[in-house]
Amino acid sequence: MTGITGLSKKNTFVLTVRDSDVIAAALRQALAGASPEERPGLERAVALVESTAAADEGRLHARWVRSRLDSVGFGGDPGSVEAVRALRQAEPRLSLLAAVQLQKEAVAHPE
C-alpha cells in the first residue's frame, strides 16, 4: 500500500510511505509453504507487489494523482488548471503549490 502524507496548507512537500516490502515478505513466506494449487496465484501476487515496489516516487505520485482525480469524476487533461482544481477538491488540505507539483508528476508519468 502506498500512502501520501504531508498534505496540509502549511506544507509544500509530499512524503511517500510504502509498505510493499512487508507485503512482499508475507507473500514469499506464504509461497514457501503453499500447495501446488496455490502456487501460481501466489507467484503472480509476488510479481505484482515487486513490480509496484520497484516504481519510483514520481510514478507513485502520478498514480495517486490519477486515483484522486478519478475519485471526483475528473476525466479531462491532467495538465490543465481544471485538474489542479479537481485534485484540490479531492484533497482539500492540499496546498496549491503541492497540487501543482503533483500535477507535474502526473503529466510527466502518464500511465
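- Atoms CG and NE2, on D56 and H61 in that order, are 9.5 Å from each other to the nearest 0.5 Å.
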Criterion side chain to side chain contact (heavy atoms under 4.5 Å, CB included) on W64 and R59, from CA distance to verdict: CA-CA 9 Å; W64 181 83; R59 291 193 190 284; over 6 Å; no
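- The CG atom of L102 sits 10.0 Å away from atom CG of L69, with the distance rounded to the nearest 0.5 Å.
- Looking only at distances, a side-chain donor or acceptor of Q103 sits under 3.5 Å from a matching main-chain atom of S80.
- Tracing side-chain contacts under 4.5 Å through hydrophobic residues (I, L, V, M, F, W, Y), one reaches V72 starting from L94; they form part of the same cluster.
- Put simply, CZ on R85 and CZ on R88 are 10.5 Å apart, with the number rounded to the nearest 0.5 Å.
- Grouping the Ile, Leu, Val, Met, Phe, Trp and Tyr side chains by contacts below 4.5 angstrom, directly or via other members, places V107 apart from V65.
- Note that OG of S71 is 7.5 Å distant from CD of E91, once rounded to the nearest 0.5 Å.
- Across all non-hydrogen atoms, the minimal contact from V84 to A99 is CG1-CB, 4.0 Å.
- Counting heavy-atom neighbours within 6.0 Å of E82 CD, excluding the residue itself, gives a total above 12.
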Side chain to side chain contact (heavy atoms under 4.5 Å, CB included) between Q101 and K104, intermediate numbers included: CA-CA 5 Å; Q101 289 171 339; K104 287 179 182 177; 5.8 Å; no
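- Between R28 and E50 there is a salt bridge, since a side-chain N of the basic residue sits under 4.0 Å from a carboxylate O of the acidic one.
- At least one donor-acceptor pair closer than 3.5 Å links the side chain of E38 to the backbone N or O of S35.
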